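Remarks on the structure that follows.
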Amino acid sequence: EAGVAQSPRYKIIEKRQSVAFWCNPISGHATLYWYQQILGQGPKLLIQFQNNGVVDDSQLPKDRFSAERLKGVDSTLKIQPAKLEDSAVYLCASRGGWGELFFGEGSRLTVL
Amino acid sequence: GQQLNQSPQSMFIQEGEDVSMNCTSSSIFNTWLWYKQDPGEGPVLLIALYKAGELTSNGRLTAQFGITRKDSFLNISASIPSDVGIYFCAGRSLPGTYKYIFGTGTRLKVLA
């Protein structure tokens, strides 16, 4: 069974530019999460989807971050415009039938 | 955002020693997950716990769901060099939402 796929693995941009990350969850997983992990910290939830609907986006900085999961399968997370403090690893996860979360390898963003 | 407290923050141990770490919360949790994260990779699920008092093993790893439901413990027996990494706990407090909060991490370094 294929795991959670994410791309790109690495991205370097200048501040005020935009960036998009893509995630394809494990087949059949209805719940998808985006987490932000700043160096030295644990993952912090940005947004949680159930199929194509948003369950929780209370921690998403909506003035610059957006996410969608239009067909209830893959998802895109966008940052526009990026700030220096957005430098982090963006992790996508999907939820299995017993409630466990499976993570992708992450997308590492560096904002200069 | 809220995070769980993990202890210790970091530890150096000799190869062959046993390791203990814990995770505590001010809230009651319904599910505990333990992950290991290697540099440049996403977190990998080690053990999932679903019931207070539950004790579950995965090879040399054993985790327990605290009976107060506010803590969880992870033990690694006979550590080996590949146990190096950061260990995270994650907890779910609200039934039905599958919203997980992550701990601050325990960084393990094994001296050969």
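Proteins come first, then strands; the chains are lettered A, B, ... in the order of their sequence lines, and each starts at number 1. All values derive from a computational prediction rather than experimental measurement. Keep in mind that the numbers below use all heavy atoms, side chains included, and drop hydrogens, waters and symmetry copies.
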> Should we say atom CZ of B/Arg107 is surrounded by more than 12 heavy atoms from elsewhere, each under 6.0 Å from it?
Replying inline: no

>> Report, in residue-number order, which members of residues 70-104 of chain A are under 4.5 Å from chain B by heavy-atom distance.
In response: A/Leu91, A/Arg95, A/Trp98, A/Gly99, A/Glu100, A/Leu101, A/Phe102, A/Phe103, A/Gly104

>> For residues A/Val55 and B/Tyr100: do they belong to one hydrophobic cluster (side chain heavy atoms under 4.5 Å, members Ile, Leu, Val, Met, Phe, Trp, Tyr)?
In response: no

>> Within the 4.5 Å heavy-atom criterion, are B/Gln37 and A/Pro43 side-chain neighbours or not?
In response: no

> Of the backbone (N, CA, C, O) and the side chain (C-beta and beyond), which part of B/Tyr98 lies under 4.5 Å from a heavy atom of chain A, both, or neither?
Replying inline: both

> If you take all heavy atoms of B/Gly40 and A/Arg108, which pair is closest and at what distance?
Replying inline: CA-NH2, 4.0 Å

>> At a 4.5 Å cut-off on heavy atoms, which part of B/Gln9 comes close to chain A: side chain, backbone, both, or neither?
In response: neither

> For the hydrophobic clusters of this structure (ILVMFWY residues joined by side-chain heavy atoms under 4.5 Å, transitively), does one cluster hold both B/Tyr50 and B/Trp32?
Replying inline: no

> Looking only at heavy atoms, which two atoms of B/Glu41 and A/Arg9 are closest? And how far apart?
Replying inline: OE2-NH2, 4.5 Å

>> Can you confirm whether A/Leu112 is buried at CG, in the sense that more than 12 heavy atoms of other residues, nucleotides or ligands lie under 6.0 Å from that atom?
In response: yes

>> Are B/Leu61 and B/Met11 connected into the same hydrophobic cluster when the rule is that any two of I, L, V, M, F, W, Y join if their side-chain heavy atoms are below 4.5 Å apart?
In response: yes

>> With side-chain contact (heavy atoms from CB on, under 4.5 Å) as the criterion, how do B/Thr104 and A/Gln41 come out once you've worked through the C-alpha distance, each side chain's angles and the decisive distance to 0.1 Å?
In response: CA-CA 6 Å; B/Thr104 49; A/Gln41 299 182 16; over 6 Å; no

> Should B/Phe88 and B/Phe73 be regarded as members of a common hydrophobic cluster, given that ILVMFWY residues are connected when their side-chain heavy atoms come within less than 4.5 Å of each other, either directly or indirectly?
Replying inline: no

>> Count I, L, V, M, F, W, Y as connected when their side-chain heavy atoms are under 4.5 Å apart, and connections chain through other members. Are A/Ile47 and B/Ile101 then in the same cluster?
In response: no

> How about residues 30-37 of chain A versus chain B: which residues have heavy atoms under 4.5 Å apart?
Replying inline: A/Tyr33, A/Tyr35, A/Gln37

